[in-house]
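Heads up, the thing below is written out as C-alpha cells.
Atoms considered below: every heavy atom in the structure, side chains included; atoms not considered: hydrogens, waters and symmetry mates.
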Amino acid sequence: MSLISLAGELTETGHSLIQRVYYEDTDFSGVVYHARYLHFMERARTDYLRLLGVEQASLAIEGDAEGLVFVVHRMEIDFKSPARMDDILTIETSTEKAGGAKMVLQQEIRRAGVLLIAAKVIIAVINGQGRPRRLPEALATKFLAAQRAPAQPG
C-alpha cells in the first residue's frame with residue numbers, strides 16, 4: 001500500500017480519506033461514540049495538510065522566526081445518523097476560507113454516500129507564543145488551489 005493511499009487523496013473539492021470503524025470506536029450500544037468522529041476528522045485534516053506538502057511540525061519550529069501552528073478554534077457539528085462497527089467511512093475535507101489569521105474547513109463523514117456528520121471547523125493560525133498571526137500567502141494559496149486542481153497520482 002502506498003503512503004498516498006494511506007493518507008487519502010486530494011480531490012477536485014479538497015481531500016478524501018477512507019476509514020474503517022473498529023470496535024474501539026464504538027460505545028456500549030454498538031454505534032460510533034460521538035467523540036470518535038473528532039478523531040476521524042482530525043486524521044483527515046492532518047492528511048489533507050500532508051498531501052499539500054505542509055509539515056505541521058516543521059512549521060512550528062522552522063516556519064519562520066515566529067513559528068506557525070494551526071489550532072482548532074471552533075467546531076460546529078451536525079450529527080445526522082450513526083455509524084457502526086465495520087462501516088467504511090469517507091471523510092471529505094474542503095477549504096472554505098484561507099487567509100488572515102484563520103482557515104475555515106468544511107468536513108463531512110459519509111457511509112456509502114449517506115451523510116452522517118457535517119462539520120464546520122475554524123482553524124486559528126498562531127505563532128509559537130500562542131498569539132494570532134497571518135497565514136502566509138503561499139500556504140493560503142495551497143489550501144485554496146487544492147479545491148480546484150487535485151494532485152495527479154505519482
Side-chain angles (χ1 to χ4, degrees), residues 1-26 32-64 67-99 101-126 128 133 135-154:
M1 175 179 276
S2 74
L3 288 178
I4 296 291
S5 62
L6 182 63
E9 65 180 349
L10 292 177
T11 66
E12 292 179 7
T13 58
H15 178 262
S16 180
L17 179 68
I18 305 295
Q19 294 279 279
R20 180 183 301 276
V21 174
Y22 293 99
Y23 181 75
E24 67 186 20
D25 299 319
T26 62
V32 171
Y33 180 64
H34 72 280
R36 294 301 289 179
Y37 294 108
L38 299 176
H39 293 250
F40 296 141
M41 290 187 291
E42 177 65 31
R43 289 175 193 155
R45 290 193 307 274
T46 298
D47 284 334
Y48 182 32
L49 292 172
R50 183 173 286 120
L51 290 180
L52 289 175
V54 178
E55 294 182 25
Q56 294 183 80
S58 295
L59 288 175
I61 298 167
E62 304 165 7
D64 61 26
L68 182 119
V69 180
F70 300 120
V71 294
V72 173
H73 173 68
R74 178 181 174 85
M75 293 183 88
E76 298 172 12
I77 304 172
D78 289 323
F79 296 90
K80 306 223 180 248
S81 187
R84 301 183 188 289
M85 191 167 67
D86 290 328
D87 283 351
I88 304 296
L89 305 178
T90 302
I91 302 98
E92 303 282 344
T93 305
S94 61
T95 303
E96 179 180 307
K97 177 187 185 297
K102 74 176 178 180
M103 292 189 301
V104 179
L105 303 176
Q106 298 292 333
Q107 291 193 280
E108 295 181 344
I109 299 178
R110 296 177 182 274
R111 177 190 56 232
V114 175
L115 181 64
L116 305 179
I117 303 292
K120 180 177 186 173
V121 185
I122 300 172
I123 307 291
V125 182
I126 62 173
R133 65 157 294 175
L135 181 66
E137 191 63 35
L139 284 178
T141 299
K142 278 186 179 188
F143 283 102
L144 295 171
Q147 60 191 330
R148 293 186 288 276
Q152 298 302 315

| task | Mind checking the CG-CD spacing from L17 to Q19? Nearest 0.5 Å is all I need. | result | 4.5 Å

| Near E24 CD, under 6.0 Å, is it more than 12 heavy atoms from other residues, nucleotides or ligands? | yes

| remark: In short, A140 meets A98 closest at the heavy-atom pair CB-O, 3.5 Å

| query | Would you say the side chain of F40 lies within less than 4.5 Å of the side chain of L89, judging by non-hydrogen atoms? | reply | yes

| field | For the student: nearest non-hydrogen atoms of I91 and A44, plus distance | value | CG2-CB, 3.4 Å

| remark: Rounded to the nearest 0.5 Å, the OH atom of Y23 sits from the CG atom of D86 at a distance of 12.5 Å

| Value rounded to 0.5 Å, distance of NE2 in H73 from CD1 in I126 | 11.5 Å

| Side-chain (H15) to main-chain (L49) donor-acceptor, under 3.5 angstrom | no

| note | So NZ of K120 and CG of D78: to nearest 0.5 Å the spacing works out to 11.5 Å

| Any side-chain donor near an acceptor of the partner, S16 and E9, under 3.5 Å | no

| request: Calculate, to the nearest 0.5 Å, the distance between atoms CZ and CG belonging to R20 and D25 respectively. | output: 11.5 Å

| query | How far apart are the closest heavy atoms of I77 and A119, and which atoms are they? | reply | CG1-CB, 4.0 Å

| Backbone N/O of V21 and side chain of R36: donor-acceptor pair under 3.5 Å | no

| task | Can you measure from NZ (K142) to OG1 (T95) and round to the nearest 0.5 angstrom? | result | 12.5 Å

Throw together a table of side-chain donor-acceptor distances under 3.5 angstrom for residues 101-117, partners on residues two or more places apart or in other chains.
residue	atom	partner	partner atom	Å
Q106	NE2	E96	OE1	2.4
Q107	OE1	R45	NH1	2.8
Q107	NE2	M41	O	3.1
Q107	NE2	T93	OG1	2.9
E108	OE1	R110	NE	3.3
E108	OE1	R110	NH2	2.7
R110	NH1	G113	O	3.1
R111	NH1	P82	O	2.9
R111	NH1	D87	OD2	3.0

| task | Grab the two heavy atoms, one from F143 and one from Y48, that are nearest each other, plus how far apart they are. | result | O-OH, 3.6 Å

| message | Tell me the closest heavy-atom pair linking P136 and L68, and the distance in Å. | response | CD-CD1, 3.4 Å

| Side-chain contact, heavy-atom cut-off 4.5 Å: L139 with V125? | no

| task | List the steps and the verdict of side-chain contact (heavy atoms from CB on, under 4.5 Å) for M75 and L38. | result | CA-CA 10 Å; M75 293 183 88; L38 299 176; 3.7 Å; yes

